[in-house]
Amino acid sequence: MSVLDQLPEGELTRELHELEQLGAEIKAPQTIGSSGVMTKSIQSLATSDIIIPANDARDVFLQFTPSDLSFGGSLAYRVYYSINGGSYGEVNPSYRLRVGADGIQSWRIFGDNQFNGTSKSMKFVIICIGSGTFTASLVS
């Protein structure tokens with residue numbers, strides 16, 4: 001920095017230079033702690049996670065339990081489901097219920113099968129930050 005940059009007339013130039021440096025630092029690649037934001041997919045090894053019997057009007061209650069609660073625990077980012085081995089679709093975000101103090105995240109998924117004469121099997125995949133397990137059950 002020269003003596004001329006310290007004059008009041010050079011203040012704008014100084015501020016622009018500082019902002020330029022700050023932008024370069026923010027855009028630099030993060031090397032430490034970057035694995036904390038990597039997502040994983042969690043799914044069971046079973047062919048289906050839950051079977052809804054024929055003529056059943058109950059919903060599916062899905063719970064994701066984080067393995068580690070330090071630093072706020074794991075976060076389930078998205079949930080996908082497949083019906084009878086078909087292609088996967090995303091669970092509507094409005095089905096998500098309030099997260100408890102224990103960090104367990106849950107969804108109440110519309111599983112109405114009351115007008116179908118055959119059972120319906122559902123398979124889930126959870127995209128999350130961190131790790132955990134999930135369970136699925138039928139609720140009225």
Side-chain angles (χ1 to χ4, degrees):
M1 184 186 305
S2 72
V3 177
L4 293 176
D5 289 336
Q6 296 175 4
L7 294 174
E9 296 84 19
E11 187 172 342
L12 181 60
T13 306
R14 261 195 322 277
E15 284 187 36
L16 287 174
H17 182 69
E18 287 174 16
L19 288 173
E20 202 171 56
Q21 281 182 325
L22 182 63
E25 290 173 6
I26 290 173
K27 291 180 182 177
Q30 180 182 2
T31 56
I32 298 173
S34 61
S35 65
V37 294
M38 293 176 63
T39 58
K40 303 176 188 176
S41 66
I42 296 177
Q43 60 183 324
S44 69
L45 297 175
T47 54
S48 68
D49 295 319
I50 194 162
I51 296 175
I52 303 171
N55 304 318
D56 194 336
R58 293 182 289 176
D59 293 336
V60 176
F61 185 67
L62 183 70
Q63 279 191 312
F64 173 73
T65 306
S67 296
D68 184 13
L69 288 177
S70 59
F71 305 111
S74 300
L75 171 69
Y77 175 61
R78 292 183 187 241
V79 178
Y80 295 94
Y81 68 97
S82 170
I83 298 175
N84 296 333
S87 60
Y88 283 87
E90 187 174 356
V91 171
N92 189 330
S94 67
Y95 294 165
R96 185 181 199 137
L97 303 174
R98 183 178 295 259
V99 178
D102 53 3
I104 295 175
Q105 299 165 60
S106 52
W107 296 260
R108 187 175 184 132
I109 301 163
F110 184 68
D112 186 19
N113 199 26
Q114 67 183 359
F115 301 116
N116 192 353
T118 59
S119 61
K120 179 166 76 171
S121 66
M122 294 184 81
K123 176 95 176 137
F124 296 98
V125 176
I126 297 179
I127 308 297
C128 63
I129 297 170
S131 61
T133 58
F134 70 90
T135 58
S137 58
L138 293 173
V139 292
S140 297

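All values derive from a computational prediction rather than experimental measurement.
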A.B. asks: Taking all heavy atoms of Ser48 and all of Ser121, pick out the closest pair and write down the distance.
C.D. replies: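 Distance-wise, the nearest heavy atoms are CB-CB, 3.6 Å.
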A.B. asks: Would Phe64 and Ile129 show up in the same hydrophobic cluster when neighbours are defined by side-chain heavy atoms closer than 4.5 Å?
C.D. replies: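 No; tracing contacts between hydrophobic side chains, which count when under 4.5 Å, never links both residues.
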A.B. asks: Search all heavy atoms of Lys123 against all heavy atoms of Ala46 and return the closest pair with its distance.
C.D. replies: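 Looks like NZ-O, 2.8 Å.
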A.B. asks: Side chain to side chain contact (heavy atoms under 4.5 Å, CB included) for Arg108 and Tyr95? Distances and angles first, verdict last.
C.D. replies: CA-CA 5 Å; Arg108 187 175 184 132; Tyr95 294 165; 5.6 Å; no
A.B. asks: Taking all heavy atoms of Ala76 and all of Cys128, pick out the closest pair and write down the distance.
C.D. replies: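 Looks like CA-CB, 3.8 Å.
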A.B. asks: Check for a donor-acceptor pair, side chain of Asp59 on one end and backbone N or O of Phe110 on the other, with a separation under 3.5 Å.
C.D. replies: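 Checking the backbone N and O of Phe110 against the side chain of Asp59, no donor-acceptor pair under 3.5 Å is found.
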A.B. asks: Closest heavy-atom contact between Ser119 and Ile51?
C.D. replies: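 Shortest heavy-atom separation between Ser119 and Ile51 comes out as CB-CG2, 3.9 Å.
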A.B. asks: Knowing that exactly one of Leu75, Ile126, Leu97 qualifies, which makes a side-chain contact (heavy atoms from CB on, under 4.5 Å) with Gln105?
C.D. replies: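 That would be Leu75.
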A.B. asks: Consider side-chain contact (heavy atoms from CB on, under 4.5 Å). Of Val139, Asn92, Val91, which one does Ile109 pass it with?
C.D. replies: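 Only one of Val139, Asn92, Val91 forms a side-chain contact (heavy atoms from CB on, under 4.5 Å) with Ile109, namely Val91.
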A.B. asks: Could you go through the side chain to side chain contact (heavy atoms under 4.5 Å, CB included) check for Phe124 and Ile50 one step at a time?
C.D. replies: CA-CA 9 Å; Phe124 296 98; Ile50 194 162; 4.2 Å; yes
A.B. asks: Indicate, with yes or no, if Ile83 and Val60 share a hydrophobic cluster defined by side-chain heavy-atom contacts under 4.5 Å among Ile, Leu, Val, Met, Phe, Trp and Tyr.
C.D. replies: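 Yes, one cluster joins them.
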A.B. asks: Examine Val79 and Tyr88 and state if one hydrophobic cluster contains both, with Ile, Leu, Val, Met, Phe, Trp and Tyr joined whenever side-chain heavy atoms are less than 4.5 Å apart.
C.D. replies: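 Shared cluster, no.
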A.B. asks: For Gly130 and Lys40, work out which heavy atoms get closest and say how close.
C.D. replies: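 Where Gly130 meets Lys40 most closely, the heavy atoms are O-CD, 3.4 Å.
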A.B. asks: Mind listing the closest non-hydrogen atom pair of Leu138 and Pro53 along with its distance?
C.D. replies: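 Where Leu138 meets Pro53 most closely, the heavy atoms are CD1-CD, 3.9 Å.
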A.B. asks: Would a single hydrophobic cluster contain both Leu62 and Met122, if residues Ile, Leu, Val, Met, Phe, Trp and Tyr are joined by side-chain heavy-atom contacts under 4.5 Å?
C.D. replies: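 Same hydrophobic cluster.
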